[in-house]
Amino acid sequence: MLESLRKRLAAHLREWIRERFDLALGEIPIEVPPQVEYGDLAFPVAFQLARKLRERTGPRPNPRALAEAIAASLPPTEEIARVEVAGAGYINVFLDRARLLLGLRQPEPPPEPSGEKIIVEHTSINPNKAAHIGHLRNAVLGDALVRLLRHSGARVEVHNYIDNTGVQVADVIVGFKYLEKKGRAEIEAIPGKFDHYCWDLYARVTAWYDEDPTALALRRQTLSEIEEGGNPTAELAEYVSMRVLNAQLDTVERLGIYYDVLPRESEILHLKFWDRAFELLKSAGLVTYETEGKNRGCWVMRLPSEGENSAPEEDGKVLVRSDGTVVYTAKDIAYHLWKLGRLDVDFSYRPFRRYSNGHTTWITTTEPTEEAHPEFGHGSAYLSVIGSEQTYLQKFVKEAVRALVPDPRVERSAHIAYEKVTLTPRACLELGIELSPEELERQQISMSGRRGLGVKADDLIAKLEEKALLEVRARHPELSDAEARHLAHQIAVGALRYFLLKYTRTTAIAFDFAEALSFEGETGPYIQYAVVRARSIFRKLQEAEIERRPLGPEHVAEINRLLNARDDLWTLLYFAARFEEFVRQACEGYEPAILAKYAFQLAQRFNNFYHGYHILSEGDPLKREVYLAITEAVCERLVRALDLLGIEVPERM
RNA sequence: GCACCCGUAGCUCAGUUGGAUAGAGCGUCGGACUACGAAUCCGAAGGUCGCAGGUUCAAGUCCUGCCGGGUGCACCA
């Protein structure tokens, strides 16, 4: 309801200024004043207007006088108590506190379906090793975006791109075949977490290459066997990569993350996606065949020069190597063209995993299958959650797509870049990883799958669950083992997801065990706990059979007497009411951290209220009802915010 | 060398398209459990917003230069 009020006020001001001054302002900025004394909404529009008028007519009008005139133009409505002009020309709007409280109890209207289908690609871990916390940041970020977009009314299709033909997979195969000399049957018999096994093997293979560079020949040979297909090596690679993929999906399932479809690079290759994209690029004149220079024999794409003075010597990006094979960026261009339905080829699909919640994840295949599948692709836009180190390459991909898909869908598509999770030297020591003297000097150390250097996602989740279980058992010894574990799991996921989402995307997370394992302070469990306590008030209320006195419009004057005297109650209520505003900001900026911070602050303010007011023992029925209404409004928004972050609220904590 | 990201309290980070007195968490010190759950709350100490200019009624926020850190600039992905 606040969002619609803001829209109405902004529209009114724009219209009024347009009529009065014949001036078209773009966005009307709306602020929330820093102090409750300044009101609830502030319009600094008079400053902006004064400036525009000076530009046009010369003398600068007094912003204060303009503000007075603008303020007087606002039509009176039930929701607004009064309007004041303050300072040099702020227009401050004071809301009717009781009306807002009553209005908050109405459920928000569901967003209108936009009819758009947004394709979100995230996770995309090479299927040759276990996921580490850096991969988890990607998955958790992507999943939160999916939830936010769905909340705002979009249809979302979730992709997890599987690079099953790259060198990383080849490296593990080299490890099995030549380092361990294992046959297919032995590999299949490896027990336990297969992705963890491959994690170690991958690191050993990398170390082997360093020791004996001649072993690199095995990698080349293995890679070409995999790309060729139809031989035992390719079959082994298929087995290994799919088994690792399943293990990775087990890991993210622990966090409640699912995908609609798993497009595989092998199908991009075998189903001629690239051939088709290549034709389009060639006929659009975007790629050129180099006949001399260092890229001789390659097909190269150059970014369209942005100005006439850009360097003519740009190297461009090789898309097709001189041996005719295709680089990753080229395959990505083909994939993205397919996402927008621009390639007139399609994958075949088969179900890959069916989950107990009824969800089915499909995977691409070369052979058509009988089973009917949903329509994939043909998106209205795509979002790719990919590390910011790939920004340069993603620019090439977007430019290529932009040149071949001449419609606004490309402009709404984006590379969602995020910084990596790095390890502090202390975290490395705790992991038992040996560092070189110069690494010890550094503030942060990058995780590296090649070196086997990193915190495995499963291990961190296990540690969190273990710690949460101890806390739950200490507080609720009466619970069964299954119940206690369920609660511990929800708390662990809350801690982990919040930890990964509280940082903005541009911040490199310096991973620290103590911080990641904390359940106190700015953490997921802190917010969960606030909800659990709020809910227990309502449980106690029912048990005590206290008679309720429903609030209605007839109480407006009374409620206002209370709320106008108590700014602390009002600021809590008002902050809860601003939920949709923060959701919108998080959605528009693809920045779940905005919502995470909001949820924490709301929980913090609620805890403050909780300590200052004893609700159940309040003797005045009207006051008690107001306290309960505030608690309900806060609780409901906390639950929804957590849900958008992928965090559940435990029954007890 | 060029491009992108970052530099805010001892540490880790927020700071909404430029707005009114720069905020949290952790850590430190001191307090609050015979009332709705202490995974909580209250209080204190802690800041030349990397440096220097510029634009503006208004700059942590925008522009330029410099310093410091990260990432990328492959016929890897």
Side-chain angles (χ1 to χ4, degrees), chain A residues 26-27 29-35 37-38 42 44 47 50-51 60 63 86-90 92 124 126 163 166-168 265 290 294-300 311 315 317-323 325-329 331-332 387-393 395 417 419-420 422 424 442-444 446 468 471-472 475 491 495 502-510 512 514-515 518-523 525-526 528-530 532-534 536-541 544 581-582 584-585 588-589 591 593-594 596-597 600-601 604 607-608 610-618 627 631 652-653:
Chain A
E27 284 283 293
I30 307 176
E31 292 161 13
V32 174
Q35 300 291 320
E37 293 79 27
Y38 296 140
F47 302 114
R51 182 195 188 87
R60 181 171 187 268
Y90 286 99
N92 292 335
S124 306
N126 279 321
D163 181 7
V167 286
Q168 285 82 359
E265 189 165 276
E290 299 289 300
K294 65 171 188 174
N295 291 333
R296 190 171 159 203
C298 300
W299 286 87
V300 174
D315 282 343
K317 174 69 193 160
V318 170
L319 295 185
V320 182
R321 303 182 186 104
S322 51
D323 66 1
T325 58
V326 177
V327 303
Y328 158 80
T329 309
K331 292 173 230 175
D332 217 30
S388 54
E389 73 277 4
Q390 292 205 44
T391 302
Y392 175 76
L393 291 178
K395 243 173 79 176
E419 288 294 329
K420 52 177 67 170
T422 61
T424 59
R442 304 178 68 169
Q443 292 165 346
Q444 43 193 2
S446 288
E471 299 279 349
V472 170
R475 285 155 218 256
I491 293 165
K502 73 173 174 178
Y503 301 93
T504 52
R505 289 188 282 113
T506 52
T507 298
I509 300 178
D512 181 83
E515 211 174 323
S518 172
F519 298 154
E520 289 166 19
E522 197 195 340
T523 65
Y526 176 98
Q528 291 172 315
Y529 184 62
V532 168
R533 291 208 298 192
S536 95
I537 293 173
F538 290 100
R539 200 176 53 236
K540 284 267 160 55
L541 187 70
E581 178 190 334
F582 287 93
R584 177 173 47 79
Q585 283 180 19
E588 285 173 356
E591 188 59 276
I594 292 172
K597 291 277 175 190
F600 171 67
Q601 284 177 36
Q604 203 174 28
N607 278 331
N608 180 287
Y610 180 90
H611 275 265
Y613 293 82
H614 200 267
I615 297 166
L616 293 181
S617 63
E618 174 55 55
Y627 298 163
T631 303
R652 274 174 282 190
M653 285 184 75

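Numbered from 1 within each chain, the chains take letters A, B, ... in sequence-line order. What's counted below: heavy atoms across the whole structure, side chains too, no hydrogens, waters or symmetry copies.
- Set against B:rU71, B:rA77, B:rG25, the side chain of A:K420 has B:rU71 as its closest nucleotide.
- Minimum atom distance to the side chain of A:T506 is reached by B:rC5, of the listed B:rA77, B:rC5, B:rG37.
- Scored by the side chain to side chain donor-acceptor pair (under 3.5 Å) test, A:K420 finds no partners at all (sequence neighbours excluded).
- Residue A:K395 places none of its side-chain N or O atoms closer than 4.0 Å to OP1 or OP2 of B:rA3.
- Across all strands, A:D512 comes closer than 4.0 Å to no nucleic acid atom at all (heavy-atom distances).
- For B:rA58, the base is not stacked against the aromatic ring of A:F47, per a cut-off of 5.5 Å between centres and 30° between planes.
- A straight line from OH of A:Y529 to C1' of B:rA39 spans 6 Å, rounded to a whole angstrom.
- At a threshold of 4.0 angstrom between heavy atoms, the contacts of A:L541 with the nucleic acid are absent.
- Smallest separation of non-hydrogen atoms from A:Q444 and A:A508: OE1-CB, 4.4 Å.
- An OP1 or OP2 oxygen of B:rA14 is reached within less than 4.0 angstrom by a side-chain nitrogen or oxygen of A:T507.
- An OP1 or OP2 oxygen of B:rA39 is reached within less than 4.0 angstrom by a side-chain nitrogen or oxygen of A:R475.
- In this structure, A:Q444 reaches the sugar-phosphate backbone alone: every heavy-atom distance under 4.0 Å involves primed, P, OP1 or OP2 atoms, never a base.
- Between B:rC41, B:rG37, B:rA14, one nucleotide has an atom nearer to the side chain of A:R652 than all others, and that is B:rG37.
- Look at the P atom in both B:rC6 and B:rA14: the space between them is 10 Å, to the nearest Å.
- Between the OH atom of A:Y613 and the C1' atom of B:rC42 there is a distance of 15 Å, rounded to whole Å.
- The CD1 atom of A:I491 sits 11.5 Å away from the CZ atom of A:R652 when rounded to the nearest 0.5 Å.
- Between A:Y526 and B:rC41, a side-chain N or O to OP1/OP2 separation shorter than 4.0 Å is present.
- If you check every strand for non-hydrogen atoms under 4.0 Å, A:Y38 touches a base.
- For the P atoms, the distance linking B:rG50 with B:rC11 amounts to 14 Å, nearest Å.
- Across all strands, A:V320 comes closer than 4.0 Å to no nucleic acid atom at all (heavy-atom distances).
- Annotated stems with RNA chain B as a participant read B:1-5 with B:69-73, B:10-13 with B:23-26, B:28-32 with B:40-44, B:50-54 with B:62-66, given as range with range, by first number; only runs of 3 or more Watson-Crick or G-U pairs under 3.5 Å qualify.
- In this entry the distance linking CD1 of A:I30 with P of B:rA20 reads 17 Å, nearest Å.
- Residue A:D332 is classed as having no contact, given no heavy-atom separation below 4.0 Å to the nucleic acid.
- Going from atom CG of A:L319 over to atom C1' of B:rA74 covers 13 Å, rounded to whole Å.
- Evaluation of A:Y90 against the base of B:rG19 yields no stacking contact (centre distance < 5.5 Å, interplanar angle < 30° required).
- Here the C1' atom of nucleotide B:rC6 and the CD atom of A:E389 are 15 Å apart, to the nearest Å.
- Of all heavy-atom pairs spanning A:G89 and A:F47, the tightest one is N-CZ, 3.8 Å.
- The separation of B:rG54 from B:rA59, taken at their P atoms, amounts to 13 Å, rounded to a whole angstrom.
- Using a 4.0 Å heavy-atom criterion, one finds that A:Q604 contacts the sugar-phosphate atoms exclusively.
- Residue side chain A:E515 does not reach the base of B:rU12 through any donor-acceptor N/O pair under 3.5 Å, judged by distance alone.
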Stepwise side chain to side chain contact (heavy atoms under 4.5 Å, CB included) check, A:H614 with A:Y627:
CA-CA 9 Å; A:H614 200 267; A:Y627 298 163; over 6 Å; no
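- Taking atom P in both B:rG53 and B:rU12, the straight-line distance is 28 Å, to the nearest Å.
- For B:rA74, its base never sits under 3.5 Å from the side chain of A:N295 at any donor and acceptor pair.
- For a distance-only test at 3.5 Å, the side chain of A:S322 qualifies as a donor-acceptor partner of the base of B:rC75.
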Run the side chain to side chain contact (heavy atoms under 4.5 Å, CB included) check on A:E591 and A:Q585 step by step: do they pass?
CA-CA 8 Å; A:E591 188 59 276; A:Q585 283 180 19; over 6 Å; no
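- Counted by atom type alone, A:Y529 and A:N607 present zero donor-acceptor pairs between their side chains at under 3.5 Å.
- When each of B:rA35, B:rA77, B:rA20 is scored by its nearest atom to the side-chain atoms of A:P34, the top-ranked nucleotide is B:rA20.
- Side-chain proximity of A:K597 to the nucleotides B:rA77, B:rC13, B:rC6 is greatest for B:rC13.
- Among the protein residues, A:A508 comes within range of the sugar-phosphate backbone only, with heavy atoms under 4.0 Å from sugar or phosphate atoms but none that close to a base.
- Between A:R296 and B:rC75 there is no side-chain N or O to OP1 or OP2 distance below 4.0 Å.
- Of the P atoms belonging to B:rG27 and B:rG69, the separation is 30 Å, rounded to the nearest Å.
- Distance NZ (A:K331) to P (B:rC75): 15 Å, rounded to an integer number of Å.
- Within 4.0 Å of A:E520, counting heavy atoms only, lie sugar-phosphate atoms of the nucleic acid but no base atom.
- Proximity note for A:L393 (side chain, C-beta onward) versus B:rU71, B:rA77, B:rA39: the nearest is B:rA77.
- Listed pair A:Y392 / B:rG72 fails the phosphate criterion, with no side-chain N or O lying under 4.0 Å from OP1 or OP2.
- Each of A:T391 and A:Q585 lies near RNA chain B, and the nucleotide nearest A:T391 is the one positioned closer to the 5' end.
- Across B:rG18 and B:rG60, the matching P atoms stand 14 Å from one another, rounded to whole Å.
- Between B:rA20 and B:rC4, the distance separating the two C1' atoms is 34 Å to the nearest Å.
- In this structure, A:H614 places its NE2 atom 15 Å from P of B:rC33, rounding to the nearest Å.
- Across the C1' atoms, B:rU55 and B:rC63 are found 7 Å apart, a figure rounded to whole Å.
- Closest to the side chain of A:S536, from the set B:rC36, B:rG72, B:rC41, is B:rC36.
- Within the structure, a side-chain polar atom (N or O) of A:T504 is placed less than 4.0 Å from OP1 or OP2 of B:rA14.
- Atom C1' of nucleotide B:rC13 and atom CD1 of A:I594 are separated by 15 Å, given to the nearest angstrom.
- The CD atom of A:E31 sits 9.5 Å away from the CG atom of A:N92 when rounded to the nearest 0.5 Å.
- The two residues A:A495 and A:S518 have their closest heavy-atom pair at CB-O, 4.4 Å.
- Looking only at distances, a side-chain donor or acceptor of A:D512 sits under 3.5 Å from a matching main-chain atom of A:E515.
- Atom OH of A:Y613 is separated from atom CG of A:N608 by 9.0 Å, given to the nearest 0.5 angstrom.
- Using a 4.0 Å heavy-atom criterion, one finds that A:A593 contacts no nucleic acid atom at all.
- Donor-acceptor pairing under 3.5 Å is lacking for the side chains of A:T391 and A:S388.
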